[in-house]
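Shown next, in structure tokens, is the structure this report addresses.
Every heavy atom of this structure was used, including side-chain atoms; hydrogens, water molecules and symmetry mates were not. When a ligand or atom number is given, it counts from 1 through the structure's own listing order.
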Amino acid sequence: MKNNKLRVGIFGISGCAGCLLTFLYEECFKEIVNLVDIKSFPLIKEHTYKGDFDYVFIEGTVCFERDIKRLKELRKRSKKIVALGTCSCFGGVPSIKNFLDKEKTMRFVYPTYNHLKAENPTPIYKHIKVDYYLPQCPPSKEEILEFVKCIVTEKEFKPYTDPVCLECRKNGNLCLLNKGEICLGPITNGGCNSICPSNNVECYGCRGPCHDANMKAFISLLIEKGYSGDIIKSKMQTFAGLQFMEKGEKISEWLEK
Ligand code: SF4
Ligand code: SF4
Ligand code: SF4
């Protein structure tokens with residue numbers, strides 16, 4: 001009998017496997033395997049499939065030359081590429097290295113090792129065309145499932161584009177900015193149901209900057225509250241620093257005021 005299901009691959013480059021593991025939540029995975037044909041998922045099954053894919057999900061940041069090679073190969077073999085998780089979409093925590101002294105950082109972690117040829121970590125869109133983004137660290141299993149349902153029914157997948165604050169207010173939380181925390185909710189894309197502030201933890205921006213974020217106003221507010229430019233910058237650089245820094249061209253100027 002002919003199998004008409006979409007052919008899917010789930011791969012990782014340099015990452016922690018947290019995004020890949022999100023697929024394996026029982027309730028999520030059971031539904032996904034019924035909806036699509038998972039041809040390759042090296043984390044859980046032997047990697048023998050050599051054919052093409054309809055959709056490939058990729059976790060992780062580009063840190064090494066081998067990651068770029070892998071991405072290019074997968075791009076050739078798949079009709080659509082989905083960036084899975086904050087590392088893949090925006091660079092994630094490894095991209096902090098872009099803002100640090102590379103040599104000093106390497107010596108701190110590997111005091112005697114001299115053969116490490118790591119690149120400046122970058123998100124996958126810097127190397128290949130990406131068709132869809134499912135950010136968050138780790139991504140939400142509900143969003144992955146919703147995405148899979150959309151692709152099998154050919155329904156348009158609409159990413160959430162309002163700031164985290166909107167969900168946070170709906171959830172009735174007291175604002176952490178008023179409790180002396182730097183919460184990036186006003187400038188960060190929601191869609192996580194404000195999971196961090198709802199648990200009394202400030203938002204670190206892992207779903208990336210909102211397209212219409214008013215960075216200047218937000219930074220002025222934090223400066224008025226007495227935070228230094230360095231503290232604000234390091235918060236913004238935690239998960240999606242490359243995007244936040246690109247978003248506000250004059251960000252360094254505003255932060256230095
Ligand atoms: S986005 Fe988070 S969970 Fe996914 S690979 Fe990066 S650090 Fe791990
Ligand atoms: S706690 Fe954070 S996300 Fe919630 S309303 Fe305040 S700034 Fe926005
Ligand atoms: S609240 Fe912020 S840091 Fe937490 S999951 Fe949502 S976007 Fe990410």
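Given atom 8 (Fe) of ligand 2, the protein heavy atom at minimum distance is Cys165 SG, 2.3 Å. Atom 3 (S) of ligand 3 has Tyr204 N, 3.3 Å as its closest protein atom, hydrogens excluded (heavy atom only). Atom 4 (Fe) of ligand 3 has Cys196 SG, 2.3 Å as its closest protein atom, hydrogens excluded (heavy atom only).
At least one heavy atom of Thr86 lies less than 4.0 angstrom from ligand 1. Residue Pro186 places a heavy atom less than 4.0 Å from ligand 2.
Within ligand 1, counting atoms from 1 as listed, the ones closer than 4.0 Å to a heavy atom of Pro138 are 3 (S). Near Thr188, meaning under 4.0 Å from one of its heavy atoms, ligand 3 places the atoms 7 (S). Of all atoms in ligand 2, numbered sequentially from 1 with element shown, those under 4.0 Å from a heavy atom of Cys183 are 1 (S), 2 (Fe), 3 (S), 7 (S). Remark: ligand 1 atoms within the under-4.0 Å shell around heavy atoms of Glu59 are 5 (S). Residue contact check: Cys19 has heavy atoms under 4.0 Å from atoms 1 (S), 3 (S), 4 (Fe), 5 (S) of ligand 1. Counting atoms of ligand 2 from 1 in the listed order, those under 4.0 Å from a heavy atom of Arg169 are 5 (S). Near Gly185, meaning under 4.0 Å from any of its heavy atoms, are these atoms of ligand 2: 3 (S). Ligand 1 places these atoms under 4.0 Å from at least one heavy atom of Cys16: 3 (S), 5 (S), 7 (S), 8 (Fe). Of all the atoms in ligand 2, the ones that sit under 4.0 Å from a non-hydrogen atom of Leu177 are 7 (S). Residue Gly18 has at least one heavy-atom neighbour below 4.0 Å for each of these atoms of ligand 1: 3 (S). Ligand 2 places these atoms under 4.0 Å from at least one heavy atom of Leu176: 1 (S), 6 (Fe).
We find the OG1-CE distance between Thr188 and Met236 to be 8.0 Å, quoted to the nearest 0.5 Å.
With respect to Glu167 and Arg207, no salt bridge is recorded, no charged nitrogen being found less than 4.0 Å from a carboxylate O. The pair Glu73-Lys69 does not meet the salt-bridge criterion, since no charged nitrogen lies less than 4.0 angstrom from a carboxylate oxygen. Here Asp37 does not pair with Arg7 in a salt bridge; the nearest charged N to carboxylate O distance is not below 4.0 Å. Ion pairing between Asp131 and Arg75 holds under the 4.0 Å rule for side-chain N and carboxylate O.
Each of Pro121, Ser95, Cys87 was checked for a side-chain contact (heavy atoms from CB on, under 4.5 Å) with Cys63, and the lone residue meeting it is Pro121. Checking Tyr132, Tyr160, Tyr133 one by one against Phe147, the ring pair (Phe, Tyr, Trp, His ring centres under 6.0 Å) holds for a single residue, Tyr132.
With a heavy-atom cut-off of 4.0 Å, Cys203 touches ligand 3 through backbone and side chain alike.
At least one N, O or S atom of Cys137 sits under 2.8 Å from atom 2 (Fe) of ligand 1. Atom 4 (Fe) of ligand 2 has an N, O or S atom of Cys168 under 2.8 Å away, backbone or side chain.
One N or O on the side chain of Glu59 and one on the backbone of Ala17 form a donor-acceptor pair closer than 3.5 Å. The backbone N or O of Glu31 lies less than 3.5 Å from no partner atom in the side chain of Asn34, so there is not a single donor-acceptor pair.
Among Ile195, Asn199, Asn189, the residue whose heavy atom sits closest to atom 5 (S) of ligand 3 is Ile195. For atom 6 (Fe) of ligand 3, the nearest non-hydrogen atom from the set Ala240, Pro197, Cys192 belongs to Cys192.
The ring of Phe11 has its center closer than 6.0 angstrom to the ring center of Phe53.
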Could you give me the CA-CA distance, side-chain angles and deciding distance for Met106 and Lys97, then say whether side-chain contact (heavy atoms from CB on, under 4.5 Å) is met? CA-CA 9 Å; Met106 196 182 99; Lys97 198 170 152 205; over 6 Å; no
Report the C-alpha separation of Leu43 and Leu21 in whole Å, then their side-chain angles, then the decisive distance to 0.1 Å, and conclude whether the side-chain contact (heavy atoms from CB on, under 4.5 Å) test is met. CA-CA 9 Å; Leu43 182 72; Leu21 287 169; 4.1 Å; yes
Output, in order, the C-alpha distance, side-chain angles, deciding distance and verdict of side chain to side chain donor-acceptor pair (under 3.5 Å) for His211 and Thr161. CA-CA 8 Å; His211 72 283; Thr161 52; 5.0 Å; no
